[in-house]
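The block underneath contains the structure these notes are about, expressed in structure tokens.
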Amino acid sequence: MNFTYNMQKKGIELLLDKMLKYIDKDPQGNLVKMSYKIEPIFNKVFPPENFKKFQDAAKDPDNIWTQYALSLIRDIDRGVFKQMLVSFGVDAGLYGTKAVRENREKYKCNIPFIILFDPTSACNLKCKGCWAAEYGHKHNLSNEEMQSIVSQGKELGTHFYMLTGGEPLVRKKDVVELAKNNKDCVFVIYTNATLVDQKFCDDMKEAGNISLALSIEGSEETNDWRRGEGAYKTTMDAMKLLKENKCLFGVSICYTSKNIEAVTDTAFMKMLIDEGAKYALYFNYMPVGHDADAELIPTPAQRERMYKWLRETRNSKTGNPIFVMDFQNDAEYVGGCIAGGRNYFHINSAGDIEPCVFIHYSDANIRTHTLLEALRSPLFTAYYKNQPFNDNHLRPCPMLENPDILRKIVSQSGAKSTDLIVAESADELCSKCDCYAAAWAPKAEEIWNSTKHKDTHTQYYRDTEEGKKEFGCNGNCAECASKHE
């Protein structure tokens, strides 16, 4: 970090501190005033219409996003709240986003906003349909390797890290040390909640830049059917402890054909809000691994229900004051598939650099390649040049909705299976998705063609000068479109 950066950041930190003290005097009234004062700070990060929406919401006490903002100010430890504003809003959002965009132009490849990595393959649960449950305790990233990932990431502009597994908190001492050594980053940890205790809550508050996404899947019955007896109670106990300590946390929800009713139930959402969860990250079940059960993939009718429910629950008047997103059904807001480094990629506990947490193929490893080398490898280049994989962003994934594309990418790039137990060919994986892809396609087209979609202002490779030369057109002709089908 240079001197100018440090001085600018220090100035923003002082300003944020004053703003929070000002809001504390009259949270509702002064939130409205602050909504206008922050626009000059972040106007290069977010489009003007976002500030207009925020300002309109702040004026309405019944707006769920006003309630949500006030709950963050009220419920989160002030030290954590300020550190997160700086780490996420300033380091990742203001400076990181700019660096990421510049490096995409400089290196002519995808550069991610987020990097996911697995500190360990070890997990103390064995959830149905989870590939990590098969991996055992054999693989770990060293402390030096984790720090190298973060250091290399920051050089590219990436200041947001998600830790998956395995169970990352098996390594909680090392994870806390990593976060404390990188205060200019945000760390979100996906956890089964079994290892959350008072000491860890204290560590989270001291670091200030750690948030937890607790795994939970609806009612006690639906949760424990997949995650094991007692898992629901463990998660609920962890929520209570985190709430008492004013820690920032949310939930991670894998929705399947068996639990989709439970995880969208009104009482379930109310429980999450009452227990202090500030966000809910939903994932469509993916049939990854040789023991995966394709029957757990939600049906097209269930997927459509999920699509509609998401928009209802985020409605500013009738929704819920909790940030909810679904990585599959919200692809239209980010221009389709975000993997392959376009917005994120994944590193497993053996160091393999994968385009997606669900796509277990790689042609690079952190022990033999830099992150930039991986982003420019044949596998990642195939992602870069072929995104979006479908112009209907309700069919974003090269595996689940466009399985022939993943078959082609893996074959042409020479990528190898990174399953840590039994190698799974792309054809074996994609064959579990073929029926779903065919069944979902007409419903996705029906929804897509009957609803309005916001322009994401995304520039794909096909829109660049290099892409236009390669495609021989503007990238939107029938021939080019066929390459994404």
Side-chain angles (χ1 to χ4, degrees), residues 46-47 49-50 53-54 64-65 68 88 92-93 97 110 112-114 116 160 162 164 188 190 211 213 217 250-256 259-260 263-264 269 272 277-286 297-298 300-316 318-346 355-359 383 387-402 436-437 440-441 443-458 460:
F46 305 107
E49 59 266 27
N50 285 21
K53 289 179 182 178
F54 180 37
I64 66 164
W65 299 116
Y68 179 68
F88 183 74
T97 299
N110 283 331
F113 182 72
I114 303 172
L116 276 68
F160 192 172
M162 289 183 166
T164 51
V188 174
Y190 290 90
S211 179
E217 293 172 11
V251 294
S252 170
I253 300 167
C254 176
Y255 59 94
T256 73
N259 70 10
I260 199 162
V263 300
T264 56
M269 295 305 297
L272 294 179
K278 298 305 178 188
Y279 55 87
L281 308 177
Y282 281 75
F283 298 85
N284 192 106
Y285 173 78
M286 299 287 194
I297 303 174
Q302 290 174 321
R303 173 82 176 266
E304 180 181 21
R305 180 187 183 282
M306 190 71 187
Y307 177 86
K308 293 178 179 178
W309 175 83
L310 281 165
R311 283 137 189 85
E312 292 169 358
T313 203
R314 291 191 299 236
N315 183 282
S316 62
T318 60
N320 296 297
I322 181 173
F323 177 74
V324 178
M325 70 172 294
D326 175 351
F327 289 86
Q328 210 69 20
N329 288 313
D330 282 334
E332 65 178 288
Y333 301 115
V334 289
C337 172
I338 63 173
R342 180 169 168 260
N343 284 103
Y344 96 100
F345 65 84
H346 176 247
C356 176
V357 70
F358 300 117
I359 305 295
Y383 266 73
Q387 288 167 325
F389 298 114
N390 199 303
D391 286 327
N392 179 337
H393 297 321
L394 297 181
R395 300 171 60 197
C397 180
M399 177 186 78
L400 186 65
E401 293 106 353
N402 305 278
Y436 172 79
W440 171 242
K443 176 57 67 176
E445 290 302 308
E446 176 188 325
I447 298 171
W448 186 258
N449 293 329
S450 63
T451 54
K452 292 183 178 180
H453 310 287
K454 182 180 177 182
D455 183 359
T456 60
H457 303 291
T458 298
Y460 306 105

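Counting from 1, the numbers follow the sequence of the chain as shown. In this text the structure is predicted, and so the values were computed from the model without any measurement.
Checking Y307 against E332 by side-chain atom types alone, a donor-acceptor pair falls below 3.5 Å. Looking at Y282 and N329, their side chains never bring a donor and an acceptor atom within 3.5 Å of each other. Judged by distance alone, the side chains of E401 and N392 never bring a donor and an acceptor atom under 3.5 Å apart.
Evaluated for a side chain to side chain donor-acceptor pair (under 3.5 Å) with T264, the options Q302, R305, E312 yield exactly one hit, R305.
Going from atom CG of L272 over to atom CG of N320 covers 9.0 Å, rounded to the nearest 0.5 Å. Atom CZ of F327 is separated from atom CG of L281 by 5.0 Å, given to the nearest 0.5 angstrom. Taking SG of C356 as the reference point, atom CE of M399 lies at 7.0 Å (rounded to 0.5 Å). Rounding to the nearest 0.5 Å places CZ of F323 at 12.0 Å from OG1 of T313. The distance from atom SG of C337 to atom CG of N390, rounded to the nearest 0.5 Å, is 11.5 Å. Rounded to the nearest 0.5 angstrom, I253 CD1 and N259 CG are separated by 8.5 Å.
Residues Y190 and M162 come closest through the heavy atom pair OH-SD, 3.4 Å. Nearest heavy atoms, R342 versus G336: NH1-O, 3.7 Å. Closest of all the heavy-atom pairs between R303 and N284 is CD-OD1, 4.0 Å. Between A444 and R395, the shortest heavy-atom contact is CB-CG, 3.6 Å. Shown here for W65 and S316, the closest heavy-atom pair between the two residues is CD1-CB, 4.0 Å. Closest of all the heavy-atom pairs between Y460 and G335 is OH-O, 2.9 Å.
Side-chain atoms of N343 never come within 3.5 Å of backbone atoms of P112 as a donor-acceptor pair (strictly under, hydrogens ignored). Without hydrogens or angle criteria, S450 side chain to I447 main chain gives a donor-acceptor distance under 3.5 Å. Side chain of N110 to backbone of G340: a donor-acceptor contact under 3.5 angstrom is found.
Taking the side chain as every heavy atom from C-beta outward, D330 and R314 approach each other to under 4.5 Å. Between K454 and T456, every side-chain heavy-atom pair lies at or beyond the 4.5 Å cut-off. Residues H393 and P388 are in side-chain contact: their nearest non-hydrogen atoms beyond the backbone lie under 4.5 Å apart. For the pair P396/Q328, a side-chain contact is recorded, criterion being any heavy-atom separation below 4.5 Å from C-beta on. Inter-residue side-chain proximity for F113 and V334 is flagged as unmet; no heavy-atom pair is nearer than 4.5 Å. W309 is not listed as a side-chain neighbour of I260, based on a closest heavy-atom distance of 4.5 Å or more. You'll find the side chain of V357 reaches within 4.5 Å of the side chain of Y344, heavy atoms only.
By the 30° and 60° cut-offs, the orientation of the rings of F283 relative to F358 is perpendicular. Under the 30°/60° scheme for interplanar angles, the aromatic rings of Y436 and W440 are found to lie parallel.
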Derivation and outcome, side-chain contact (heavy atoms from CB on, under 4.5 Å), residues Y279 and M325: CA-CA 8 Å; Y279 55 87; M325 70 172 294; over 6 Å; no

